[in-house]
Structure formats: structure tokens, C-alpha cells
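Comments concern the structure below.
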Amino acid sequence: MLGPTLSNITKNLAEVKQQIHDAEVLFKRVPHSVFLLAVTKGQPIEKIEQAILSGQLALGENHLQEALPKIMAFPDKKLEWHFIGLIQRNKTKKIAEHFNWVHSVTDPYIAKRLSDQRPHHLPPLNICLQVNVSQEKNKLGIPIAEASALASYCAALPHLKLRGLMTVPMIKKTFPEQRAEFAKLVALFNDLNEKNLQLDTLSMGMSNDMQAAIAEGSTMVRIGTAIFGARLSLP
Ligand SMILES: *Cc1c(COP(=O)(O)O)cnc(C)c1O
């Protein structure tokens, strides 16, 4: 039998999926156009296993050291691992080897290393550029004005596939203010697609601002605490 905490994860996942669906309907989005990435950072293996058993195969981590043992713990599963944190230069090889996606590309040197170090038997590494839409100091992400140049550079790297843009906006209390931050990323996304970059991914929306992100056009929400509860550590 499942313990109460573990069965809660199945229930929480179902609730989050229902909320995504409700937001798609409310904001006239195409049904099933918003993909759920379950963010497992700071969560123990047992909870991750429960999510996987409930059918959640896309998982996100933001520290390599924490992620590797988790990735190794589920070797046969058809899992999709997404790296969503700060990328240190000496970590690019392992990231290129073990992840399917990287959402947090912010500099050409890192992008080049990820491409060079992506094993050739694997498909190109899916990447998003992380953009600091709220222009916060000490926040990861490139300024909007630098995105076009970095996007063109990454699009030309042979072992990367530039999929889109990611953001973690400044925390805002009201729904309209939350939407306004996401709208900046959408405007940039549309600009880049007019330059024929063929982006298909807007990685935006977390536990506290998922509805606003879906209202603005998110195609991938990254949800941690709403599924797994509070994190053990706060990376
Ligand atoms: C931790 C984290 C999330 C998930 O945040 P929750 O508020 O727990 O849903 C999403 N994206 C990034 C980049 C994160 O670091």
C-alpha cells in the first residue's frame, strides 16, 4: 500500500493536470497544448518514483550533483530529464550526456560546449534561452535585447536544437501583473519567430503563476511544490 504522502503525489499530479486543462479552456488555448514538467529538485527518490508510477515522465532538476543519482536510479524508464538551473562551465559535459533538455542557456560559450559535448549517438540537445524579463539584478537570464544574437548563434550549433525561451519572472501579486511579465517573453518569442527561428517552446509558469503563464501562451509549465510539497533543501 502507498503511504499517505506518496498517494498524495498521485492526487496532486491529477489536480495540477486538471488546473492546466481548466486554464487551457478558460483562456481559449488548444487542449493539451501546455506540457507539464515536474520539478523534482529538493525532493527524495521515493516521491519521484511515485510521480513516475503515476505516469509523469518529464522531470526537471537544477543541480547536476543532485540530479545524477536520481537519473541513475531510473535507468530503464522512458524518462525525459530537463536541466533548469545555473550551468557551470565544468558541468556541461555531464549535462550534455544525461539530459534531454536544457532550459537555462545564457551564454554562447556554454552553448558551444553543450553542442561539442553532446554524444553523437543521441539526438540534438533541446535548449531554451533563459531570459531575465523583469531585469532583476542577480537573476539568471539574458536581457531581452541580447536574445536575438544568442538565438541565432545557438540555432547554428550542430548538436543543439533551439526550441524556445524560458523565464522566471519577478514575483508579482496580482494576476494582471503576472501576465504582463510573461507577455514580455511572448513578444520576444514572436519577434524571433518572425526572423524564422522556428521556436515552439515557451517555458514559463511555476506553482504560483501557472494560470497567468498559460493565459499568455506558455507551452511548458515547470511545477515543483504544487506536486511534491515543500522541498527538503532550497537550492
Ligand atoms: C524550482 C523551480 C521551479 C519550480 O518551482 P515551484 O514554485 O516549486 O513550482 C520551476 N522553475 C525553476 C527554474 C525552478 O528553479
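We count ligands from 1, going down the list as the structure has it; atoms in each ligand are counted the same way. Heavy-atom basis, side chains included; hydrogens, waters and symmetry copies ignored.
The closest heavy-atom contact to atom 14 (C) of ligand 1, among the options Met206, Lys41, Arg222, comes from Lys41.
Without hydrogens or angle criteria, Gln130 side chain to Met166 main chain gives no donor-acceptor distance under 3.5 Å.
Under 4.0 angstrom from ligand 1, the non-hydrogen atoms of Met166 all belong to its side chain. Contacts with ligand 1 closer than 4.0 Å are made by heavy atoms of both the backbone and the side chain of Ile84.
Linking Ile, Leu, Val, Met, Phe, Trp and Tyr whenever their side-chain heavy atoms come within less than 4.5 Å leaves Leu202 and Val221 in two separate clusters.
Proximity of Arg231 to ligand 1 is established by a heavy-atom distance of less than 4.0 Å. The closest approach between any non-hydrogen atom of Ile223 and ligand 1 is below 4.0 Å.
Counted by atom type alone, Thr174 and Glu177 present one or more donor-acceptor pairs between their side chains at under 3.5 Å.
Between Phe27 and Phe175, the ring planes lie parallel to each other; the angle is under 30°, not in the 30° to 60° tilted range. Ring geometry for Phe99 versus Phe83: interplanar angle over 60°, hence perpendicular rather than tilted (30 to 60°).
Close approach of ligand 1 to Gly224 is summarised as follows: ligand atoms under 4.0 Å from at least one heavy atom of the residue are 4 (C), 6 (P), 8 (O), 9 (O). Annotation for ligand 1: atoms under 4.0 Å from non-hydrogen atoms of Asn62 are 15 (O).
Ile45 CD1: more than 12 foreign heavy atoms inside a 6.0 Å radius. Atom NZ of Lys94 sits in a sparse spot, with 12 or fewer heavy atoms from other residues, nucleotides or ligands closer than 6.0 Å.
At the top of the distance list for atom 6 (P) of ligand 1, counting protein heavy atoms only, stands Ser207 OG, 3.5 Å.
Looking at Thr225 next to ligand 1, an N or O pair under 3.5 Å apart turns up.
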